[in-house]
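Everything below concerns the one structure shown next.
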Amino acid sequence: MDLMWSEGSIFLKPVRFFCSADVSDAEFFGRHRKYLTAHKDTLYYRQALFRDILSVRGLGDFLIALHGKLTEYAPLMKRPSYSHAEDEKIHRILYPTAYTALVRMIYDTLCPMMGDITAASIKNLFAQAEADANSPEFRQLEAYYRQNTPSLREVRSITVGINLDALYRPKEAGIIALHREEYRSGDLLDRILRLDFARDDFHCIAPLTRIDSKLGFGESQQVNYAFLKAMGQVLDSGLSHCGKRLLRYTREHIAPYFSLLESLTFVVDAIKQLSSLWENDIPMCFPNISEDGNTRILSLYDDTFARSIGRKKTVPNNICFAKDVNCYLLTGPNSGGKTVFLRAVASAQCYFQLGMPIPAKEAELSLFDGIFRMSAETPIAADTAGRFERECMVLAEILEQFDEKCLLLMDETFTATAPEEALPLAAGFIARLCEKGGKCVFVTHLHALQETLPQLAAFHNQVDYLHAEVQGERRTYSLRSGRAEAHSGAREIARKYGLLG
């Protein structure tokens, strides 16, 4: 049972991925790069899940809630080897209650949705919960805990009393009461919200400790030991029949649900990505896998701009990359939309190979075994080498991995040296890419690359041109086929900000 990997696909070779910080949501892609896939069955498996999330009401909210519940219970599955007998007492009641709560939550929430569910991953999850919920062992376990520990399962906070000596040092401490709601911290945020401390017993006036406090290991152990010992005494009546056999049974049966936590973290992050597109009314589609090697996208939006300024102010672009063209040279004026276009292409390809929808009306994309993004602003590890040398080191590493199943997106590379030196270097690099195959889009102000340089003469059929459209001095932010005029529009931008007369 897994949300992200179809049967037999989990051990496939991962997609090679290099992504600079200026790509849309680079943190999201970097954090979940392990889920990039070029495996068709896995891609269809995930697309079915995200289709259901988009179309089945409440499914996304359920997955977010399930992730929260699994995260809350996760420490149960990471018991330290130094646990005391008091830990065992608590776990004897927490494992069964966590197990029954998870199964009941999954079964009861998904049951009304299953008529609309098409994703195998959700069907498998429901089948597991259904089998558990209908088993005699589960029914007996749930009935026993419902009858014998109804109040203990709802404990969310306790009141602790501490007696002090003349020097305000604790001399006695104990549990006074159990509560069904959490106390409020009484910190600065609560005060800003004007909460009424005087009339609410569930506000503390000064925190004693927090989960993230800097207690040393010894101090933490003392606090935990004292707390668990006291809680064990309180819960003894509910623990009397919770033996090791029962504990082992629930641990074994709860484990498959916890195995979902890592992939569910990705799904929840993906839902958050998609929700901001929904809110801005951005069209989304699930690309078909290209069988002929061509790439076609109708009305591709840059999701970064779409999130921040909305659909009406974002200019979409159509894309058509031919199979036989290995490198597209994209030129045009500064601030004409070239970098935004490249960022949109990078994001769309990553979303696609994660199994997610892309911000476009229609699309057909190829699968790549390697996705590389390189720009003049790409963070490169500092060392004794200069900027240009470090850039060459990264490009050499990419070139070593590059083949006919790779995509490379470059933005203003080779700008760390003089144009007369950069020109033949860029031409030579493009020639090497054409030899290897694959696909490259290169945003550049080296307009002379549009001419037939000796290095590119043998590959002229494998190189094509795009440009950022300008109408007079007005930038349309639309990309068109063909060569651009050999100027960057820098003077117009400088004049706009009063740097030229």
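These numbers come from the heavy atoms of this one structure, side chains and all, not from hydrogens, waters or symmetry mates.
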### Message
With a 3.5 Å distance limit and no angle check, can you tell me whether R307 reaches the backbone of Q273 through a side-chain donor-acceptor pair?
### Response
yes
### Query
Hey, is CD on E435 packed in by over 12 heavy atoms from elsewhere, all under 6.0 Å?
yes
### Aromatic ring proximity, centroids under 6.0 angstrom, Y477 and F341
no
### Query
If you measure from CE on M4 to OG on S121, what distance do you get to the nearest 0.5 Å?
6.5 Å
### Task
Can you see which heavy atom on I297 is nearest to which on A360, and at what distance?
CG2-CB, 3.6 Å
#### Entry: Side chain R16, main chain Q401, donor-acceptor under 3.5 Å
yes
### Task
Using modelled atom types only, decide if a donor and an acceptor are shared between the side chain of N318 and the backbone of S299 within a distance under 3.5 Å.
yes
### Query
So, do Y73 and F258 have ring centers that fall under 6.0 Å from each other?
no
## Note on the structure
Which of L102, T100, V103, D132 passes side chain to side chain contact (heavy atoms under 4.5 Å, CB included) with I254? Answer is L102
### Query
Can you tell me if H467 uses its side chain to pair, donor with acceptor, with the backbone of G332 under 3.5 Å?
no
### Message
Can a side-chain donor-acceptor contact be found between D292 and S290 if the only test is distance below 3.5 angstrom?
### Response
yes
### Message
Strictly distance-based, threshold 3.5 Å: is any side-chain N or O of D411 a donor or acceptor partner for the main-chain N or O of T339?
### Response
no
### Message
Quick check: closest heavy atoms across V325 and K439, and the distance to 0.1 Å?
### Response
O-NZ, 2.6 Å
### Query
Between Y328 and F321, does the ring centre distance come in under 6.0 Å?
yes
#### Entry: Shortest non-hydrogen separation from L260 to L125 and the atoms involved
CD1-CD1, 3.6 Å
### Query
Which residue pairs satisfy the salt bridge (Lys or Arg N to Asp or Glu O under 4.0 Å) criterion with at least one member in residues 43-58, sequence neighbours excluded?
none
### Query
At what distance, to the nearest 0.5 angstrom, does CD of Q47 lie from OG1 of T118?
11.0 Å
### Task
To the nearest 0.5 angstrom, please state how far the SG atom of C440 sits from the CG atom of L433.
5.0 Å
### Query
With no hydrogens and no angle check, do the side chains of T331 and H445 hold a donor and an acceptor under 3.5 Å apart?
no
### Message
With rounding to the nearest 0.5 angstrom, report the CD to OH distance, E130 to Y107.
### Response
5.0 Å
### Query
Can you tell me if NZ on K405 sees more than 12 non-hydrogen neighbours from other groups inside 6.0 Å?
no
### Message
Using every non-hydrogen atom in the two residues, find where P359 and L277 come nearest and quote the distance to one decimal.
### Response
CB-CD1, 4.4 Å
### Query
Parallel, tilted or perpendicular for F28 and Y351, by the 30°/60° rule?
tilted
### Message
Has H67 got a side-chain atom pairing as donor or acceptor with L63's backbone, closer than 3.5 angstrom?
### Response
no
### Task
Answer yes or no: does atom CZ of F305 have more than 12 heavy-atom neighbours from other residues, nucleotides or ligands under 6.0 Å?
no
#### Entry: Shortest non-hydrogen separation from L367 to A38 and the atoms involved
CD1-O, 3.5 Å
### Task
Can you establish whether the number of heavy atoms outside E72 located under 6.0 Å from its atom CD is more than 12?
yes
### Task
Write down the atom of I358, the atom of A363, and the distance for their closest heavy-atom approach.
CD1-CB, 3.6 Å
### Query
Would the number of heavy atoms belonging to other residues, nucleotides or ligands and lying under 6.0 Å from CD of E262 be above 12?
no
### Task
Taking atom types as modelled, find out whether Y35 and Q353 have a side-chain donor-acceptor pair closer than 3.5 angstrom.
no
#### Entry: For A426, side chain to side chain contact (heavy atoms under 4.5 Å, CB included) partners two or more places apart
F414, F442, L446, L449
### Message
Quiz question: by atom type and distance under 3.5 Å, do the side chains of N280 and Y301 form a donor-acceptor pair?
### Response
no
### Message
Working to the nearest 0.5 angstrom, can you tell me the gap between N317 CG and L479 CG?
### Response
4.5 Å
### Crowding at CD, Q462 (>12 non-hydrogen neighbours, <6.0 Å)
yes
### Message
With a 3.5 Å distance limit and no angle check, can you tell me whether K338 reaches the backbone of P333 through a side-chain donor-acceptor pair?
### Response
yes
### Query
Can you name the residues that form a side chain to side chain contact (heavy atoms under 4.5 Å, CB included) with R139, not counting sequence neighbours?
N134
